[in-house]
Colleague: 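This structure is in structure tokens; I'll ask about it shortly.
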Amino acid sequence: MSTDLTPHDALHRDLVRWGLAAFFACAGYLSAVIFERPVFLYFPMIGEWHWAVPLTTPAEALGPPIAFYGWKALGVLCALGAWLMPARWLLRLPACTGFVAVCLSIAAMLLYEARGLFAL
Amino acid sequence: MMMFALLLHALCAIFLLGAISHQAASTWRSEGGRTQTLTASFARVRGALYARAVIVAYVLTVLLGDVVYGPYRVDVKTMLFDLQLMGWNSAFEIKEHLVAFGLYLLPLYWLLWRISPLDYAGLRRGVTSMLALIVWYALIVGHLLNNIKGVGFQ
């Protein structure tokens with residue numbers, strides 16, 4: 001299939017794919033934040049990493065956990081989903097699809113975090 | 001050691017802010033018009049030359065931010081909770097999320113700056129401007145949080 005593509009079509013396919021990869025990553029990251037499901041947790045006081053799937057309540061003795069690294073890792077894993085999409089689907093979508101979806105993810109994240117922000 | 005990492009993180013962020021601001025401004029520049037003004041000079045850069053530097057600075061800033069995040073979680077975030085400064089905590093969490101989203105946009109950004117400037121100019125402008133907004137927000141909030149309590153100080 002890819003050998004039949006013109007250079008312009010190949011570029012369009014790549015732009016849509018990388019845009020969707022960014023969106024899948026943002027969506028995965030945001031889901032992990034909202035549903036509190038990081039891939040792993042890091043406990044900086046004792047310097048230990050713990051798998052967070054299945055999620056277990058961290059013991060007090062371990063100190064405060066960091067979920068941020070686990071959220072980012074989950075986002076990267078979700079981005080791989082963009083490579084499961086066939087090229088013919090990607091060619092039908094506008095090049096800006098992924099970027100627009102990322103902007104909507106940012107809006108959703110801001111809405112989610114706005115609860116605490118107004119406590120400034 | 002952490003103070004040094006935080007300083008390096010800040011310096012990388014300032015470099016990134018300058019580069020991405022020039023580049024984003026260049027995508028909004030209209031051809032022709034007056035070129036002698038300060039704003040025209042600010043935008044009159046060859047944006048494509050900045051792309052690699054922006055990516056290196058962005059990734060380096062994120063990595064250094066990840067290094068200082070551990071002490072931040074233990075010392076600063078705990079203090080924010082203790083003092084009920086929940087708004088500042090949320091402002092910083094938004095920064096974390098935005099920076100991660102920006103990181104995910106970098107491959108698309110890189111691809112957009114490798115192609116002809118005439119192709120997909122609107123998308124290039126949108127992605128670059130979004131990254132610039134993210135960097136501006138991150139630097140301002142990071143600076144304000146550092147004013148409340150910096151990493152490495154007891």
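Quick note on labels: first sequence line is chain A, next is B, and so on, each numbered from 1.
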Colleague: Is the side chain of B:Tyr104 donor-acceptor paired with the backbone N or O of A:Lys72 at a distance under 3.5 Å, no angle test?
Modeller: yes
Colleague: Counting heavy-atom pairs under 4.5 Å with chain B, which one of A:Phe23, A:Tyr29, A:Trp18, A:Phe24 comes out on top?
Modeller: A:Tyr29
Colleague: To the nearest 0.5 Å, what is the distance between NE2 on A:His8 and CD1 on B:Ile115?
Modeller: 8.5 Å
Colleague: Under 4.5 Å from any heavy atom of chain A, what part of B:Phe101 do you find: side chain, backbone, both or neither?
Modeller: both
Colleague: Is it true that B:Ile148 and B:Ile140 fall in one hydrophobic cluster, defined by side-chain heavy atoms closer than 4.5 Å?
Modeller: yes
Colleague: Does a sphere of radius 6.0 Å around CH2 in A:Trp89 hold more than 12 heavy atoms from other residues, nucleotides or ligands, not counting ones at 6.0 Å or beyond?
Modeller: no
Colleague: Is B:Leu106 close to chain A through its backbone or its side chain, or both, or neither, when contacts mean heavy atoms under 4.5 Å?
Modeller: neither
Colleague: Among A:Phe68, A:Trp71, A:Tyr42, which residue meets the ring pair (Phe, Tyr, Trp, His ring centres under 6.0 Å) test with B:Tyr69?
Modeller: A:Phe68
Colleague: For B:Trp28, look at atom CH2 and say whether over 12 heavy atoms of other residues, nucleotides or ligands are found less than 6.0 Å away.
Modeller: no
Colleague: Going from CG on B:Leu112 to CG on A:Leu11, what distance comes out if it is rounded to the nearest 0.5 angstrom?
Modeller: 8.5 Å
Colleague: I need the minimum non-hydrogen distance between A:Ile66 and B:Gly70, along with the two atoms involved.
Modeller: CD1-CA, 3.6 Å
Colleague: For the hydrophobic clusters of this structure (ILVMFWY residues joined by side-chain heavy atoms under 4.5 Å, transitively), does one cluster hold both B:Leu144 and B:Leu85?
Modeller: yes
Colleague: Just so I know, are the side chains of B:Arg73 and A:Pro65 near enough to count as touching, which here means a heavy-atom distance under 4.5 Å?
Modeller: yes
Colleague: May I ask you to check whether over 12 heavy atoms, not counting those of B:Met79, lie within 6.0 Å of atom CE?
Modeller: yes
Colleague: Quick one: which of A:Cys26, A:Ala25, A:Pro44 has the most heavy-atom pairs under 4.5 Å with chain B, could you say?
Modeller: A:Cys26
Colleague: If you count heavy-atom pairs under 4.5 Å between each of A:Asp14, A:Val102, A:Val100, A:Ile106 and chain B, which one has the most?
Modeller: A:Ile106
Colleague: Which one wins on heavy-atom pair count under 4.5 Å against chain B: A:Gly47, A:Ala79, A:Gly75?
Modeller: A:Gly75
Colleague: Within a 6.0 Å radius of atom CZ on B:Phe4, are there more than 12 heavy atoms belonging to other residues, nucleotides or ligands?
Modeller: no
Colleague: Which residues from residues 123-137 of chain B are near chain A, with near meaning under 4.5 Å between non-hydrogen atoms?
Modeller: B:Leu123, B:Gly126, B:Val127, B:Met130
Colleague: Do B:Val99 and A:Leu110 belong together in a cluster built from hydrophobic side chains that touch within less than 4.5 Å?
Modeller: yes
Colleague: With a 6.0 Å cut-off (strictly less than), is the heavy-atom count around NE2 of A:His50, excluding the residue itself, greater than 12?
Modeller: yes
Colleague: Verify the neighbour count for atom OH of A:Tyr69: are there more than 12 heavy atoms of other residues, nucleotides or ligands below 6.0 Å?
Modeller: yes
Colleague: Between atom CG of B:Leu108 and atom CZ of A:Arg17, what is the distance when rounded to the nearest 0.5 Å?
Modeller: 13.5 Å
Colleague: Could you see if B:Leu105 belongs to whatever hydrophobic cluster contains B:Leu60? Use Ile, Leu, Val, Met, Phe, Trp, Tyr and a side-chain cutoff under 4.5 Å.
Modeller: no
Colleague: Under a 4.5 Å side-chain heavy-atom rule over Ile, Leu, Val, Met, Phe, Trp and Tyr, are B:Leu64 and B:Val141 clustered together?
Modeller: no
Colleague: Is chain B contacted by the side chain of A:Ala95, its backbone, both, or neither, given a heavy-atom distance below 4.5 Å?
Modeller: both
Colleague: Which answer fits A:Val76, side chain, backbone, both or neither, if we ask what part of it has an atom under 4.5 Å from a heavy atom of chain B?
Modeller: both
